[in-house]
Number of protein chains: 2
Amino acid sequence: MTVTPLDRRSPVPLWAQLLADLRRRVAAGEFADGFPTDEELRQSYRVSRQTVREAARRLQAEGVIVRQRGRGSTLAGSVLEQPLQALYSLAGRAEDLGLPEHSEVLAQRREQAGDAAEPLGIEVGAAVVYVERLRFVGDEPLSLHRSWLPAALAEGLLGCDLASGSLYDALAETCGVRVTGGWERIRPGVPTPELRRLLGVRRGGAVFEVERLATAGGVAAEWRESVIRGDRYSFRADWSAL
Amino acid sequence: MTVTPLDRRSPVPLWAQLLADLRRRVAAGEFADGFPTDEELRQSYRVSRQTVREAARRLQAEGVIVRQRGRGSTLAGSVLEQPLQALYSLAGRAEDLGLPEHSEVLAQRREQAGDAAEPLGIEVGAAVVYVERLRFVGDEPLSLHRSWLPAALAEGLLGCDLASGSLYDALAETCGVRVTGGWERIRPGVPTPELRRLLGVRRGGAVFEVERLATAGGVAAEWRESVIRGDRYSFRADWSAL
DNA sequence: ACGTATTTGTTCGTATGTATT
DNA sequence: CAATACATACGAACAAATACG
């Protein structure tokens with residue numbers, strides 16, 4: 001019984017106290033044989049399910065646990081990876097902010113799958129649609145995106161005007177494929193001279209490199225490699241009450 | 001009346017439908033004169049407050065709105081900045097994962113505040129404690145952290161052993177100062193030759209550059225500039241049901 | 001300066017849906 | 001099919017921060 005009792009008179013919310021105690025127990029290596037269920041936590045800490053979920057939600061957001069319906073919560077593997085709010089749609093984000101957005105389409109053609117075959121789960125040499133776009137927010141370029149989509153799904157994109165808007169909107173309208181999920185990984189990078197020129201990055205400037213897999217109903221729909229200017233884009237976190 | 005009615009028989013959760021509609025309305029420039037309160041949204045969409053909060057929580061996580069107790073929700077008309085799960089404590093994260101962690105203390109001394117004066121909100125030349133640590137996870141260096149703390153708060157850190165563990169733990173134990181919040185900004189960068197050598201980054205390797213301000217009860221407690229190896233650390237987002 | 005109304009945050013209880021075992 | 005476990009959704013109440021008269 002290593003449960004630390006929570007203090008209801010404390011100004012610190014119950015969920016924060018619970019979160020702290022769970023972090024402590026995780027660090028102590030306590031849950032090697034399975035993370036407790038919501039119900040078990042509810043009983044052992046004598047709080048409501050709401051409170052348990054609030055703490056669990058944050059543990060999940062931090063990448064400490066993975067929660068799955070019907071299966072329960074499990075400790076996440078130990079990788080030095082930080083969860084992130086999904087970039088998802090840069091176009092949508094710019095639009096939300098009321099910024100003018102457009103793209104220069106550098107390529108839009110059929111190809112045979114090379115490196116993209118593996119993440120897409122198709123065979124090398126299978127037909128894919130390749131789209132390369134230089135995206136502008138305002139007058140200056142912000143990012144370069146290279147996307148590979150299985151031709152079986154995205155054939156219709158070839159005749160599409162992609163000079164503005166989200167690729168996923170076009171994919172939904174033209175091909176009836178609605179992207180429902182995916183993942184992406186973000187790293188820092190040094191742009192090649194050609195990329196520097198395309199994006200207008202000054203000497204010594206760095207970029208974010210983003211890999212993304214988008215899925216539609218569990219099927220891989222797009223593999224994307226993006227480069228985003230570091231001098232025009234950044235990530236920010238505000239944190240409190242931890 | 002631009003409220004799109006929600007479909008309760010749809011497999012898409014109500015909060016997701018609400019979120020989509022709110023995003024649409026934001027993009028349409030509808031909330032120029034104030035974002036609706038939870039109660040207003042509850043009534044106009046005929047859902048419970050729980051549902052409203054679930055959608056609002058995500059809008060906040062995306063950086064679209066800012067929510068404040070007593071004040072309401074406001075549009076965060078802003079920059080191209082993406083919200084991020086706080087890095088918060090790298091030491092804690094490594095510890096949670098059961099990875100061995102330690103630091104090489106490169107500097108730990110009293111100084112006069114220079115560039116750190118402004119973010120800390122103190123006068124240039126005021127006494128600060130400067131700490132520079134090279135942090136290892138496993139046998140290899142992961143990051144370099146340079147911290148400035150007001151001497152008025154953190155004097156006690158000067159006599160502290162900082163070879164392992166979190167600076168904030170030391171700050172709490174030695175000085176009785178508990179960090180309660182803050183913010184950080186993350187950009188990509190190219191390391192200087194000296195940093196390359198210190199961190200063991202190969203030629204052409206890039207890094208994350210992190211600026212952080214930590215506060216304790218509303219008072220600035222630490223200004224930090226960090227450099228994290230890009231080949232050992234990355235950010236990851238999983239997204240779904242959007 | 002003080003008290004009241006507003007608004008979001010926290011917490012409880014309860015019921016039902018959905019994915020996994 | 002049944003049991004398990006997380007997700008969604010409703011209702012309700014009080015706390016805490018803010019705004020306003």
Side-chain angles (χ1 to χ4, degrees), chain A residues 5-20 22 31 33-61 64-76 180-181 215 217-218 238-242, chain B residues 5-20 22 31 33-61 64-76 180-181 215 217-218 238-242:
Chain A
L6 309 183
D7 177 7
R8 279 166 190 277
R9 285 160 315 179
S10 158
V12 179
L14 284 177
W15 63 258
Q17 298 180 45
L18 173 56
L19 175 60
L22 289 175
F31 303 124
D33 51 341
F35 196 82
T37 65
D38 288 7
E39 180 58 19
E40 286 165 356
L41 289 175
R42 194 185 69 69
Q43 290 182 9
S44 56
Y45 285 94
R46 308 193 172 282
V47 292
S48 76
R49 174 106 193 284
Q50 180 90 340
T51 305
V52 170
R53 277 182 58 77
E54 193 63 46
R57 179 201 298 275
R58 286 162 202 257
L59 277 185
Q60 181 175 36
V64 176
I65 63 171
V66 174
R67 286 166 70 80
Q68 281 171 286
R69 254 185 203 177
R71 186 175 294 182
S73 302
T74 48
L75 283 182
T180 55
T215 57
D238 293 278
W239 36 290
S240 63
L242 300 163
Chain B
L6 309 183
D7 178 8
R8 279 165 190 279
R9 284 160 316 180
S10 158
V12 179
L14 282 178
W15 63 258
Q17 297 181 46
L18 173 56
L19 175 61
L22 289 175
F31 304 125
D33 51 341
F35 196 83
T37 65
D38 287 5
E39 181 59 19
E40 286 165 356
L41 289 175
R42 195 184 69 68
Q43 290 182 10
S44 56
Y45 285 94
R46 309 194 170 280
V47 292
S48 75
R49 180 140 176 254
Q50 178 88 342
T51 305
V52 169
R53 280 182 58 77
E54 192 65 44
R57 178 202 297 276
R58 286 163 203 257
L59 277 184
Q60 180 175 38
V64 176
I65 62 171
V66 175
R67 286 167 69 81
Q68 279 171 286
R69 248 186 203 174
R71 185 174 294 181
S73 303
T74 48
L75 280 183
T180 55
T215 57
D238 293 278
W239 36 290
S240 62
L242 301 163

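Order of the sequence lines fixes the chain letters, A, B, ..., with proteins taken first and strands second; residue numbering starts at 1 for each chain. Being a predicted model, the structure only gives us computed values, none of them experimental.
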Quiz item: Think A/Arg8 has a side-chain N or O under 4.0 angstrom from the OP1 or OP2 of D/dC14?
Solution: no

Quiz item: Atom CD of B/Gln17 and atom C1' of D/dT8: how far apart are they, to the nearest Å?
Solution: 12 Å

Exercise. Rounded off to whole Å, could you give me the CZ-to-P distance for the A/Arg9 and D/dA15 pair?
Key: 15 Å

Self-check item: Side-chain N or O of A/Thr51 closer than 4.0 Å to phosphate OP1/OP2 of C/dC12
Solution: yes

Exercise. Return the minimal non-hydrogen interatomic distance between A/Val47 and A/Arg8, and the atom names on each side.
Key: CG1-NH2, 3.9 Å

Exercise. Classify the nucleic acid contact of B/Glu54 as base, sugar-phosphate or nothing, counting any heavy atom under 4.0 Å across all strands shown.
Key: nothing

Quiz item: A/Arg46 CZ to C/dT11 C1': how many Å, rounded?
Solution: 17 Å

Self-check item: Phosphate OP1/OP2 of D/dT8: any A/Arg49 side-chain N/O under 4.0 Å
Solution: no

Exercise. Check whether any side-chain heavy atom of B/Leu41 sits under 4.5 Å from a side-chain heavy atom of B/Phe35, and report yes or no.
Key: yes

Exercise. Look at B/Thr37 and C/dT6 and indicate whether a side-chain polar atom (N or O) is within less than 4.0 Å of OP1 or OP2.
Key: no

Exercise. Would you name the heavy atoms of B/Ser10 and B/Val12 that are closest together and state the gap between them?
Key: OG-N, 2.9 Å

Exercise. Decide yes or no, distance alone: a donor-acceptor N/O pair under 3.5 angstrom between the base of D/dG11 and the side-chain of B/Arg42.
Key: no

Self-check item: Earlier contact from the 5' end, DNA chain C, for A/Val52 and A/Gly70
Solution: A/Val52

Practice problem: Would you mind classifying the nucleic acid contact of B/Arg57 as base, sugar-phosphate or nothing, using non-hydrogen atoms under 4.0 angstrom? | Solution: nothing

Self-check item: Candidate list B/Thr51, B/Asp7, B/Leu19, test side-chain contact (heavy atoms from CB on, under 4.5 Å), partner B/Leu14, passing option
Solution: B/Thr51

Quiz item: Between D/dC10, C/dG17, D/dA17, which nucleotide has the shortest distance from any of its atoms to the side chain of B/Arg69?
Solution: D/dA17

Quiz item: Can we say A/Glu54 and B/Arg57 salt-bridge, meaning some charged N sits less than 4.0 Å from an Asp/Glu carboxylate O?
Solution: yes

Quiz item: In whole angstroms, how far is the P atom of C/dT10 from the CG atom of A/Asp7?
Solution: 16 Å

Quiz item: Roughly how many Å is it from CG in B/Leu18 to P in D/dC10, rounded to a whole number?
Solution: 10 Å

Quiz item: Given that A/Gln68 and B/Val47 both sit by DNA chain D, which one's nearest nucleotide is further toward the 5' end?
Solution: A/Gln68

Self-check item: Nucleotide nearest A/Ser48 (side chain, heavy atoms from C-beta), chosen from D/dT18, C/dT8, C/dG13
Solution: C/dG13

Quiz item: So, is A/Arg71 close to the D/dT4 phosphate, meaning a side-chain N or O under 4.0 Å from OP1 or OP2?
Solution: no

